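Every value quoted in this text rests on a predicted model; they were computed, and no experiment measured them. Chain A is the first sequence line, chain B the second, and so forth, proteins listed ahead of strands; every chain is numbered from 1.
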There are 2 protein chains.
Amino acid sequence: MNTREKIIDSSLKNFLIFGYENTSLLKVAEEVGIKKASIYYHFRNKEEIFHESIRYLISTIKNTIEDSVGGKSNAKTIIHSLMNSIIEFNFHLSHMAGIEKSHFLSASRLMEYGLREFPDLKKDVDNYYDYIKNTLMDAIHSGQKNKEIKKEFNAEMLAFEIISKIEGFCLLSSSYSKFNINIVRQSMYDNLWKLIGDENSGKRGFFKYKAKSIPISTRW
Amino acid sequence: MNTREKIIDSSLKNFLIFGYENTSLLKVAEEVGIKKASIYYHFRNKEEIFHESIRYLISTIKNTIEDSVGGKSNAKTIIHSLMNSIIEFNFHLSHMAGIEKSHFLSASRLMEYGLREFPDLKKDVDNYYDYIKNTLMDAIHSGQKNKEIKKEFNAEMLAFEIISKIEGFCLLSSSYSKFNINIVRQSMYDNLWKLIGDENSGKRGFFKYKAKSIPISTRW
DNA sequence: GTCTATACTAGGATAGAC
DNA sequence: GTCTATCCTAGTATAGAC
């Protein structure tokens, strides 16, 4: 990892944990092992570092999803893997960031913050959600062809609903101490298939959530 | 409104729009019409103002929900009103705060931020979610007695899922520009009832979302 | 209860040597 | 590419008069 990458790496960690304003470049410099002023050789200002960090975060999640979804053909498996990998990614962010559980860190919360402060990020964030939406819609369409999923559902609406569901679960995990994501996860999947699964399909059985770690890029 | 209330009022508005760090007490003082130093006669420090603001925000939402749900007996109506009033509350926050649409403001996003910065808020936030969860669970239980809702569902899991759904929709509205909450809202309600509604119930029809403004406390 | 004046600090950013 | 030194500003907070 070169210095530039180290700066991004440490900054993203700090942004996720402390937020943009509470992340000091002095601390980042110390973590990287250089002096504060040296950061300005690599980046114009703090905002540029933030932009790069967000882009790096997005590409990391995308890779995680791709690794998890790639090669799978069955619609249920794809949708399940996608949901699982996003939740798992967020769930493990705190460990990846090197802090012990504490607060449930959330990638989309940081994106949302960035978006408000720096509207330029809109393109990147939209692009991220487009990717998820399209992956879901493809799976839904093929699932409707295979009779895994009822035809009555509009694929785009369903995709929106699934994304909202994931985001909501992650947000609630951060905010509501009585909400344990691992307890509701199975019922979340069950209810989704109960709703959209096609009864005419031969193998209608629900997925069982397997509590195995999914592969996450381990650069942290 | 006395000075203390004015300070809370203006602070909350600013916290919602700009976040904690980007809210300056100078600006708050100007909005209130006093000098910055005078704030410290009413509050020990910025943190205390934030605490009070969050508590005021929570009580405002609770009142909004209570106004909307109160007096209704039918489970579907109650659940529908609750979801609707939370979404509507968030949806209208920006107008209430006096800024023109811009970013979709979200009450729970501010709570989540506060929680991370000031763990003392945990009690208040948990209390808020407890209130929503209990309201939902009561409705679900009575709905299961009346055969409006299938008995197979665990009320607590269902409540969690509904809350997640709402939060997710609000977050996505803030972050994903292609996501229009008013377009997906009807399908969100439809899908919920398709899932949990009891077919044995006589009047099984779905709710139609009525795009009327719900009453929101108009102190702002 | 509100004001003026002022202390104090953190943190982003720049200049210029090596 | 990294360092030392320095600038600058914003923003919280306090002291004490009225």
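- Candidate nucleotides C:dT4, D:dA13, D:dG11 were compared by shortest atom distance to the side chain of B:S24, and D:dG11 ranks first.
- In this structure, CZ of B:F43 is placed 14 Å from P of D:dT12, rounded to the nearest angstrom.
- Side-chain contact check for B:N127 and B:K62: at least one donor-acceptor pair (N or O, by modelled atom type) lies under 3.5 Å.
- Between B:F179 and B:F169, the angle of the ring planes goes over 60°, which puts this pair in the perpendicular group of the 30/60° scheme.
- When side chains are defined from C-beta on, A:N182 counts as touching A:R185, because their heavy atoms get closer than 4.5 Å.
- Between D:dT4, C:dT2, D:dT12, one nucleotide has an atom nearer to the side chain of B:S38 than all others, and that is C:dT2.
- For the pair A:I39 CD1 and C:dA15 C1', the computed distance is 17 Å after rounding to whole Å.
- Counting distance only, with no hydrogens placed and no angle test, the side-chain atoms of A:K36 and the base atoms of C:dG12 include a donor-acceptor pair under 3.5 Å.
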Please walk me through it: do A:Y176 and B:E112 pass side-chain hydrogen bond (donor to acceptor under 3.5 Å, both in side chains)?
CA-CA 9 Å; A:Y176 189 19; B:E112 201 269 346; over 6 Å; no
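- Separating the CG atom of A:N45 from the P atom of C:dA13 is a distance of 5 Å, rounded to the nearest angstrom.
- Classification of A:D126 and B:K178 as a salt-bridged pair fails, no side-chain N sitting under 4.0 Å from a carboxylate O.
- Straight-line distance from the CZ atom of A:R4 to the C1' atom of D:dT2: 17 Å, rounded to whole Å.
- Rounded to whole Å, atom C1' of C:dC18 lies 15 Å from atom OH of A:Y41.
- For the OP1/OP2 pair of C:dT2 and a distance below 4.0 Å, the side-chain nitrogens and oxygens of B:T3 include at least one atom meeting the criterion.
- The distance from atom OH of A:Y40 to atom P of C:dA15 is 13 Å, rounded to the nearest whole Å.
- A straight line from CG of B:N22 to C1' of C:dG12 spans 14 Å, rounded to a whole angstrom.
- Taking every side-chain heavy atom of A:A37 into account, D:dT4 is the closest of C:dT2, D:dT4, C:dG12.
- Atom CG in A:L26 sits about 14 Å away from atom C1' in D:dT4, given to the nearest Å.
- Side-chain atoms of A:K35 lie closest to D:dT4 of the nucleotides D:dT12, C:dT2, D:dT4.
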